[in-house]
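Whatever order the structure lists them in is the order used to number ligands and atoms, beginning at 1.
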Amino acid sequence: MTNDRGSWGSRPGFILAATGSAVGLGNIWGFPTQVGQGGGAAFVLIYLIAVIFICAPILLGEVLVGRYAQLGPAGAVRRISPSGPWWVIGLLAVAAGTFILSFYAVIAGWTVQYLWLAVTDGLAADAEGSGALFGAVSANPIRNVLFTGLFLVATAWCVNRGIRRGIEAASRLMMPLLFVLLLILAIRSVTLPGAAEGLAYYLRPDLSQALNPEIIGAAVGQAFFSLSLGMGALITYGSYLHRSHAVRSASIAIVGIDTTIALLAGFIIFPAGFSIASFSSGSTFDPTAGGPGLIFAVLPQLFATLPGGLLFGAAFFLLLSVAAFTSTISLLEVPVAHAIDQWRWPRSKAVLAVAAFTFAFSIPSVLSFSGGFFSELPAVGGTFFDLMVNVWNEGALPLGGMLISLFIGWRWGARFAGDELRRDGPGFPSPALWGFLIRFVSPAAIFLLIVSRFVL
Ligand code: PFF
């Protein structure tokens, strides 16, 4: 191990940082957007099933692999299996971390701009719900390149400070604050007049929709993305744990908190969206129409219904920026840890190189919203940004998750992996239950999904 690796100050430090990685734009921006595009409650139902039966076992597995090997994904895989094709897990992890960061930082840049607008009273312009503000914000290429770049610089600075001082400290303060604010907003939203229609949309599944492979694919992809799973982020974070730190309850806490926050975001957006549309314009709310701008269109209207709403708006976008920040940190940490572990680079060189590459690659995602070539890629019939979301969230992460579960269940072997879990003493899930899920249930479910989406 080189000096540049580092470790967590404590077990709660790990839980906070891993939750900080999981909770981010995926929960508050991605989840409602995907629910809106995927037809409401049926999506929510599939999402929850995927979280419990597919993702939670893999999450525990990733943390165990990291803690066992004390190395990032590529190194951990090589330590357990010095030969064989499993190195692709490491390759996929580095690629996913870098490319997801390249479009994630763009959304994070919007969040910071909304914070600025809230502070300078600019959100009031959108209080009637024209949605024009998001169009104006997202279509300005120069400003978005600037804010994306600033977000990447801040992320790089923090990752460069290292594990304990940077990542852990940032998560500790902001996570509880974010939760309280979300709770207040959710209560406000569900008590608005006419909120029931939004609640029904969000909670009453249309089961004919639930069997649509496209919706299932999107829901499973979203679950992976939201839990930072399938690309070794949790192997990396697990590798900074001391081998005596127990991980079972920590993993359950991460899954529980992440899912609760995603669900809360839905309780904010849908009741508010339906209620406000019917009152302010007399029209009905179309969650599909919002696309990536859904939350940015609904939230300013919700803030306007609250006394001191702009203050709420400012606090909300500040905390959302921080939630995004603790996620971008983990995205960057995966390729950086790879360069440190495998190529023996100093941390600062690794950070600089990956951040610079990511910044360059973020530009087509920025330009996806300002008209022109990247807004309508001829070969895919959508934006470059949409293409990135599809390839990485719905493709690479579930694929990575399947490879990781096969690797743990069959190559590391249920017995050895189970022994690693047994170090923590008795508890839920038992090694036998977990072994069954990770050997059979998770990989088979993902395999069927991939076949049904891309082959059939
Ligand atoms: N889980 C993060 C979110 O929901 O915003 C996104 C993410 C972070 C995905 C880190 C993957 C990752 F490794």
How far apart are the closest heavy atoms of L181 and A315, and which atoms are they? CD2-C, 3.7 Å
Amino acids contacting ligand 1, non-hydrogen cut-off under 4.0 Å: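 If the criterion is a heavy atom under 4.0 Å, then ligand 1 touches S21, A22, G24, L25, G26, N27, Y104, F225, S226, S228, M231, A233, S327, S330, L331.
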Determine, step by step, whether S330 and S21 satisfy the side-chain hydrogen bond (donor to acceptor under 3.5 Å, both in side chains) criterion, reporting the C-alpha distance in whole Å, the side-chain angles of both residues, the deciding distance to 0.1 Å, and the verdict. CA-CA 6 Å; S330 69; S21 163; 2.8 Å; yes
Is the side chain of Q222 donor-acceptor paired with the backbone N or O of G26 at a distance under 3.5 Å, no angle test? yes
Using modelled atom types and a 3.5 Å cut-off, is there a donor and acceptor pairing between side-chain atoms of D341 and backbone atoms of G75? no
Would you say T328 and T155 are linked by a side-chain donor-acceptor pair, where the criterion is simply a distance under 3.5 Å? yes
Is the number of heavy atoms from other residues, nucleotides or ligands under 6.0 Å of F440 CZ greater than 12?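 Correct, the count exceeds 12.
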